[in-house]
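Encoded as structure tokens, the structure appears first; notes follow it.
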Amino acid sequence: MISIETLKAHLGKTVDLNAWVTRVRSSGKIAFLQLRDGTGFIQSVIVKNEVPEDVFALAKGLNQETSLKVRGEVRQDDRSPLGVELGIISLELYQSPQDYPITPKEHGVEFLFDHRHLHLRHRKPWATLRIRDELERGMHDFFSDRGFIRFDVPLFMSTAAEDTTNLFEIDLFGEDKAYLSQSGQLYAEAGAMAFGKVYTFGPTFRAEKSKTRKHLLEFWMIEPEVAFLDHQGNMQLQEDMLSYLVKRILDKKAYELELLERDLTKLEPASQGKFPRITYDHALEVLAKKGLGLEWGEDFGAPHETALGEDYDRPIFIEAWPTKAKAFYMQPFENDPDRVKCADLIAPDGYGELIGGSERIHDLALLEQRIKEHKLPEAALKWYLDLRRFGSVPHSGFGIGIERTLAWIVGADHVREVIPFPRMLTRMEP
RNA sequence: UCGGUGGUAGCUCAGUGGCAGAGCGAUCGGCUGUUAACCGAUUGGUCGUAGGUUCGAAUCCUACCCGCCGAGCCA
């Protein structure tokens with residue numbers, strides 16, 4: 001038994017293949033079976049006078065998504081887009097389906113996501129999720145190669161890490177409440193003080209009633225955290241990581257990107273690194289010239305991010321944000337307490353913020369003051385303050401959203417396309 | 001939550017006051033190189049739901065339900 005992925009290596013040989021039929025076209029004496037096996041797609045040919053009559057009759061009548069085992073000869077054929085095709089000798093059915101819902105025809109978004117469990121089999125979701133696997137594997141490799149420890153964090157929380165977003169509330173046997181995690185960062189900081197360099201990898205939850213192409217209720221995030229790393233080093237780490245990932249996907253997932261008809265010239269610059277770095281103050285000036293003026297201290301909206309990104313061919317850092325616009329744990333500049341050592345990484349083409357990162361406050365007194373200013377629950381953060389009490393060091397980290405990053409890489413219309421089963425306001429099934 | 005837009009055959013849609021339609025799919029037949037194949041036939045309906053106006057409503061009115069797009073918030 002071989003796979004489509006390795007078919008070319010068996011040129012001229014007779015092979016067995018477990019597969020599904022995606023499409024049948026037949027003439028009176030020749031039929032073409034489009035096959036997929038999970039590793040790829042291939043066309044097979046069956047000719048009436050080369051096989052027993054019943055085999056040909058069976059083949060030309062196969063329905064979409066029939067599961068079968070075929071035996072055939074791998075042969076070169078310039079008329080096939082892949083260069084090789086399979087000349088069928090015999091076939092054996094596992095199951096013959098009726099009325100497969102996803103026909104070779106345009107379908108609407110709602111219909112396709114109602115049938116997401118089946119849609120995954122089709123070319124575009126298949127290619128997208130293969131690239132997702134490569135992206136995640138690349139992240140693990142990147143951090144592992146640099147001496148990071150993967151550090152798993154809890155998903156149940158007693159309170160919010162930041163005071164900004166809404167949390168999903170969990171009923172604890174009617175006696176108490178917990179919340180689903182919106183970030184593992186505070187725990188990652190504990191990890192960094194124990195292991196030096198750590199990263200978290202897992203799902204995270206935001207109870208925002210957001211209905212845009214950049215939002216899911218449940219999404220996946222990687223949050224690296226590094227002891228003794230400063231703001232500049234943090235940005236460099238982010239740039240190294242993202243350019244590595246883009247390069248790796250361009251190298252290893254060319255076929256999938258081609259299926260998705262991704263314009264590779266939109267990705268190649270990012271694989272070279274050298275992400276532009278502009279300050280928040282400078283960004284305000286640029287935005288003002290584009291007719292998108294903001295007051296100093298205001299956060300950017302989607303139109304602002306898109307407008308800033310359009311001047312560059314790769315992601316850009318916006319750094320040194322107003323202290324009052326950002327989270328409580330961010331380290332201010334020594335000579336400018338109104339601005340913090342943080343950066344958002346904005347993707348090109350309106351895909352929005354891929355990464356938010358910062359140097360963290362390591363001074364106990366300042367952190368205590370910020371917790372009071374933000375009216376955060378001090379008791380629940382007592383352990384977090386211990387990290388500053390016992391051997392505190394400058395440290396930095398960031399969080400990168402996998403779906404947004406992948407949506408940008410594959411050129412998806414919406415983040416729901418880049419996760420197997422999206423969870424949104426209007427979708428909990430399948 | 002706000003603004004916009006939509007809901008008609010399995011799917012994608014047309015029909016805007018007068019017999020419920022097309023393409024695709026499916027089924028059957030034809031065709032030896034097809035790529036969303038092609039040709040012929042057959043099949044196909046709670047017009048989102050409820051109420052109202054009218055001789056007559058998919059079409060006009062009211063309310064509600066469910067999507068989609070955008071905004072805010074964020075990754």
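Naming: A, B, ... by sequence-line order, numbering from 1 per chain.
Taking atom NE2 of His119(A) as the reference point, atom C1' of C11(B) lies 13 Å away to the nearest angstrom. G33(B) atom P lies 12 Å from atom CZ of Phe56(A), rounded to whole Å. Rounded to whole Å, atom P of G10(B) lies 19 Å from atom CD of Glu106(A). In this structure, CD of Glu208(A) is placed 7 Å from P of C74(B), rounded to the nearest angstrom. Distance NE2 (His414(A)) to C1' (G70(B)): 11 Å, rounded to an integer number of Å.
If you check the side chains of Asp37(A) and Thr39(A), you find a donor sitting under 3.5 Å from an acceptor. Side-chain contact annotation: Arg360(A) with Ser358(A), donor-acceptor N/O pair under 3.5 Å present. Side-chain polar atoms of Thr279(A) and His282(A) form no donor-acceptor pair below 3.5 angstrom.
A donor-acceptor pair is defined here as one N or O able to donate and one able to accept, closer than 3.5 Å; no such pair exists between the side chain of Arg36(A) and the backbone of Thr22(A). Side-chain atoms of Arg206(A) come within 3.5 Å of backbone atoms of Gln182(A) as a donor-acceptor pair (strictly under, hydrogens ignored).
Against RNA chain B, the stretch residues 282-314 of chain A makes heavy-atom approaches under 4.0 Å through Asp299(A), Gly301(A), Ala302(A), Pro303(A), Glu305(A). Contacts between residues 25-35 of chain A and RNA chain B, defined by a heavy-atom separation below 4.0 Å, involve Arg25(A), Ser26(A), Ser27(A), Gly28(A), Lys29(A), Ile30(A), Phe32(A), listed by number.
With respect to the salt-bridge test (charged N to carboxylate O, under 4.0 angstrom), the residues Asp299(A) and Lys324(A) do not qualify. In summary, Lys341(A) and Glu359(A) engage in a salt bridge, as defined by a charged side-chain N under 4.0 Å from a carboxylate O.
Pairing partner, A58(B): none, since no Watson-Crick or wobble contact has both distances short of 3.5 Å. The partner of G72(B) is absent, by the rule that a Watson-Crick or G-U pair needs both atom distances under 3.5 Å. Nucleotide A63(B) is matched to U49(B) when pairs are restricted to Watson-Crick or G-U wobble geometry with both distances under 3.5 angstrom. The pairing partner recorded for G40(B) is C28(B), the criterion being a Watson-Crick or G-U wobble arrangement whose two distances lie under 3.5 angstrom. Remark: G23(B) base-pairs with C11(B); criterion is Watson-Crick or G-U wobble with both hydrogen-bond distances under 3.5 Å.
A donor-acceptor contact under 3.5 angstrom links the side-chain atoms of His215(A) to the base of C74(B). No hydrogens or angles were tested; on distance alone, nothing pairs the side chain of Thr103(A) with the base of C24(B) as donor and acceptor under 3.5 Å. For a distance-only test at 3.5 Å, the side chain of Arg404(A) qualifies as a donor-acceptor partner of the base of C74(B). Below the 3.5 angstrom threshold, one finds no donor paired with an acceptor across the side chain of Glu110(A) and the base of G6(B).
Listed nucleotides: A26(B), C11(B), G33(B). Nearest to the side chain of Phe111(A): C11(B).
For the pair Gln236(A)/Phe275(A), no side-chain contact is recorded, criterion being any heavy-atom separation below 4.5 Å from C-beta on.
Comparing the P positions of C65(B) and A50(B) gives an interatomic distance of 15 Å, to the nearest angstrom. Taking atom P on both C68(B) and C74(B), the two are 23 Å apart, rounded to the nearest angstrom. Comparing the C1' positions of A14(B) and G51(B) gives a spacing of 28 Å, expressed to the nearest Å. Only the C1' atoms considered, U59(B) is 5 Å distant from U16(B), to the nearest whole Å. Using atom C1' as the reference point in both C69(B) and A9(B), the two lie 26 Å apart (nearest Å). To the nearest whole angstrom, the two C1' atoms, one in A58(B) and one in G6(B), are 14 Å apart. Of the C1' atoms belonging to G45(B) and U54(B), the separation is 24 Å, rounded to the nearest Å.
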Worksheet item: Would Glu403(A) and Arg416(A) count as a salt bridge (Lys or Arg N to Asp or Glu O under 4.0 Å) if you check the C-alpha gap in whole Å, the side-chain angles of each, and the deciding distance to 0.1 Å?
Response: CA-CA 8 Å; Glu403(A) 286 75 16; Arg416(A) 68 185 161 215; over 6 Å; no
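Across all strands, Ile400(A) comes closer than 4.0 Å to no nucleic acid atom at all (heavy-atom distances). Across all strands shown, Gly108(A) has heavy atoms under 4.0 Å from sugar-phosphate atoms exclusively, and none from any base. Within 4.0 Å (heavy atoms only), Leu216(A) reaches at least one base atom of the nucleic acid. Nucleic acid contact for Lys48(A): none, since no nucleic acid atom lies under 4.0 Å from a heavy atom of the residue. Residue contacts for Phe219(A): at a heavy-atom cut-off of 4.0 Å it reaches a base atom on one of the strands shown.
Under the 90° criterion around 0 for the glycosidic angle, U8(B) counts as anti.
Proximity of Thr426(A) to the phosphate of C68(B): a side-chain N or O atom is located under 4.0 Å from OP1 or OP2. Residue Asn63(A) places no side-chain N or O under 4.0 Å from the OP1 or OP2 atom of G25(B). OP1 or OP2 of C68(B) has not a single side-chain nitrogen or oxygen of Arg427(A) nearer than 4.0 Å. Not one side-chain nitrogen or oxygen of Arg123(A) sits closer than 4.0 Å to the OP1 or OP2 atom of U35(B).
In summary, the aromatic rings of His117(A) and Phe421(A) are positioned with their centroids too far apart to meet the 6.0 Å limit.
Distance CZ/Arg137(A) to CZ/Arg248(A): 7.5 Å, rounded to 0.5 Å.
Taking the six-membered ring where the residue is Trp, Trp126(A) and Phe41(A) present perpendicular rings, their angle passing 60° and hence far from 30°.
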